[in-house]
Amino acid sequence: MKRRGASGDPTPATPATPATPGRARLALSGAEGNIGRVLRRALPGLGYTLRSAELAPRSRLAAGEDLVHGDLQDPAAVDRLLDGRDVLIHMAATSVERPLSEIVANNLLALVQVYEGARRHGLRRVVFPSSNHAVGMYPVEQKLELDCAPRPDTFYGLSKVWGESLARMYWDKHGIESVCVRIGTAIERPLTPRHLSTWLGLEDLVHLIERCIEAPQVGHMVVWGVSANARSYWSNAQAERLGYAPRQNAEDWADEILARDNPVPQEARGLQGGSFVLHDLMAPSRR
């Protein structure tokens with residue numbers, strides 16, 4: 001794993017914006033993902049020093065970004081990402097339903113390596129991307145609090161339930177703080193009727209991640225990653241402890257969205273997980 005410049009040659013990082021004194025030194029995994037690309041553009045502009053990790057070498061997106069690559073199931077790759085960092089924003093994962101073997105490798109085994117690395121390097125906090133699919137089998141009529149029982153809709157959602165529990169164990173046993181963010185639908189603007197309840201606008205996303213980094217003494221915390229949607233499925237009062245004050249509201253697009261056909265199949269519309277509840281990648285059992 002080498003640190004690479006925009007040309008692909010090894011080069012020291014030279015941030016375009018000087019780091020703000022006292023701000024956390026950040027590591028970001030999954031930098032090539034949809035959310036990772038948003039954060040690696042935004043966080044250096046907020047005064048953070050940022051080291052990003054990708055699975056394979058790619059061109060950097062943020063000027064002066066410290067960019068590394070490698071498989072996070074490899075402890076050496078984890079060490080080079082986390083060395084000298086204070087907070088990890090761990091966005092590397094399989095983020096859709098896939099065969100169980102892939103989910104186990106990327107969302108369970110790699111996550112253990114990440115938390116073990118955080119322990120070795122004395123990180124104070126991990127921001128862990130959980131998912132609304134950890135509770136996707138609840139009916140859409142039910143407003144959920146954060147203490148609701150897990151009801152995952154997929155092996156992917158189940159892996160996020162496991163990840164939240166792993167984060168809890170590392171806080172209880174090793175004092176590594178975690179904020180587990182049950183991310184809704186993090187896209188530029190809502191597109192479907194379901195998004196009127198689940199949307200996390202990108203401005204709110206950056207604000208939420210900043211509060212996950214900066215809030216004092218979080219211990220182990222779970223919050224909903226959602227904007228201030230009038231039709232939200234989730235009660236997010238817990239996020240106020242972080243200082244998270246979302247400003248975006250999917251309702252601004254409601255008339256336009258509701259005038260179009262709903263792409264979610266009828267049989268999935270009554271459950272919070274939407275189309276995910278219809279995924280079944282395992283072969284049917286023989287009776």
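Count residues from 1 along the sequence. Bear in mind that the values here come from a model prediction, so they are computed numbers and not experimental data.
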Just wondering, do [Y] and [X] contact through their side chains at under 4.5 Å, heavy atoms?
X: Leu81; Y: Leu28; answer: no
X: Met221; Y: Leu242; answer: yes
X: Glu97; Y: Phe155; answer: yes
X: Asp204; Y: Arg247; answer: yes
X: Leu111; Y: Leu166; answer: yes
X: Val135; Y: Arg182; answer: yes
X: Pro265; Y: Leu278; answer: yes
X: Ile209; Y: Met91; answer: yes

Heavy-atom donor-acceptor pair, [X] side chain to [Y] backbone, under 3.5 Å:
X: Asn249; Y: Ala230; result: yes
X: Trp199; Y: Ile187; result: yes
X: His220; Y: Val179; result: no
X: Ser232; Y: Asn229; result: no
X: His195; Y: Leu191; result: yes
X: Arg51; Y: Arg80; result: yes
X: Gln272; Y: Gly136; result: no

Practice task
Verify side-chain contact (heavy atoms from CB on, under 4.5 Å) between Ser178 and Val127, making sure each step is shown before the conclusion.
Solution key: CA-CA 6 Å; Ser178 288; Val127 181; over 6 Å; no

Practice task
Take Ile176 and Arg125, measure what side-chain contact (heavy atoms from CB on, under 4.5 Å) needs, and give me the verdict at the end.
Solution key: CA-CA 6 Å; Ile176 298 172; Arg125 186 172 300 173; over 6 Å; no

Shared hydrophobic cluster for [X] and [Y] (ILVMFWY, side-chain gaps under 4.5 Å):
X: Leu202; Y: Ile89; answer: yes
X: Leu146; Y: Val181; answer: no
X: Ile183; Y: Val223; answer: yes
X: Tyr233; Y: Leu196; answer: no
X: Val222; Y: Tyr138; answer: yes

Minimum heavy-atom separation for [X] and [Y], please, with both atom names.
X: Val264; Y: Asn262; value: N-OD1, 3.0 Å
X: Gln73; Y: Asn106; value: NE2-OD1, 3.9 Å
X: Lys160; Y: Ala134; value: CB-CB, 4.5 Å
X: Ala268; Y: Val277; value: CB-CG2, 3.7 Å
X: Met137; Y: Pro152; value: CG-O, 3.3 Å
X: Ile35; Y: Ala186; value: CD1-CB, 4.0 Å

Exercise for the section: Give the ring-plane orientation class for Phe276 versus His279, where under 30° counts as parallel, over 60° as perpendicular and anything between as tilted. Expected result: perpendicular

Practice task
For the pair His90 and Phe128, name the ring-plane relationship: parallel under 30°, tilted 30 to 60°, perpendicular over 60°.
Solution key: parallel

Which value, rounded to the nearest 0.5 Å, describes the distance between [X] atom [atom1] and [Y] atom [atom2]?
X: Leu67; Y: Arg40; atom1: CG; atom2: CZ; result: 5.5 Å
X: Thr192; Y: Ile257; atom1: OG1; atom2: CD1; result: 6.5 Å
X: Arg120; Y: Leu82; atom1: CZ; atom2: CG; result: 8.0 Å
X: Met169; Y: His174; atom1: CE; atom2: NE2; result: 5.5 Å
X: Arg85; Y: Leu26; atom1: CZ; atom2: CG; result: 7.5 Å
X: Glu54; Y: Ser29; atom1: CD; atom2: OG; result: 11.5 Å

Between [Y] and [X], is the closest basic N to carboxylate O distance under 4.0 Å?
X: Arg25; Y: Asp86; answer: yes
X: Arg168; Y: Glu164; answer: no
X: Arg37; Y: Glu32; answer: no

Exercise for the section: Might you confirm whether atom CD of Gln142 has over 12 heavy atoms from other residues, nucleotides or ligands at distances under 6.0 Å? Expected result: yes

Handout entry: Whether over 12 other heavy atoms sit under 6.0 Å from Glu188 CD
Key = no

With a 3.5 Å cut-off and no angle check, do the side chains of [X] and [Y] form a donor-acceptor pair?
X: Thr154; Y: His133; answer: no
X: Trp234; Y: Glu145; answer: no
X: Glu116; Y: Tyr170; answer: yes
X: Thr198; Y: Asn132; answer: no

Exercise for the section: Show your working on side-chain contact (heavy atoms from CB on, under 4.5 Å) between Leu200 and Thr185 and close with a plain yes or no. Expected result: CA-CA 5 Å; Leu200 174 60; Thr185 307; over 6 Å; no

Exercise for the section: Please test Val206 against Leu46 for side-chain contact (heavy atoms from CB on, under 4.5 Å), starting from the C-alpha separation and ending with a verdict. Expected result: CA-CA 10 Å; Val206 173; Leu46 295 174; 4.0 Å; yes

Exercise for the section: Report the residues that fulfil salt bridge (charged side-chain N to carboxylate O under 4.0 Å, His left out) with Arg211, sequence neighbours left out, ordered by chain and then residue number. Expected result: none

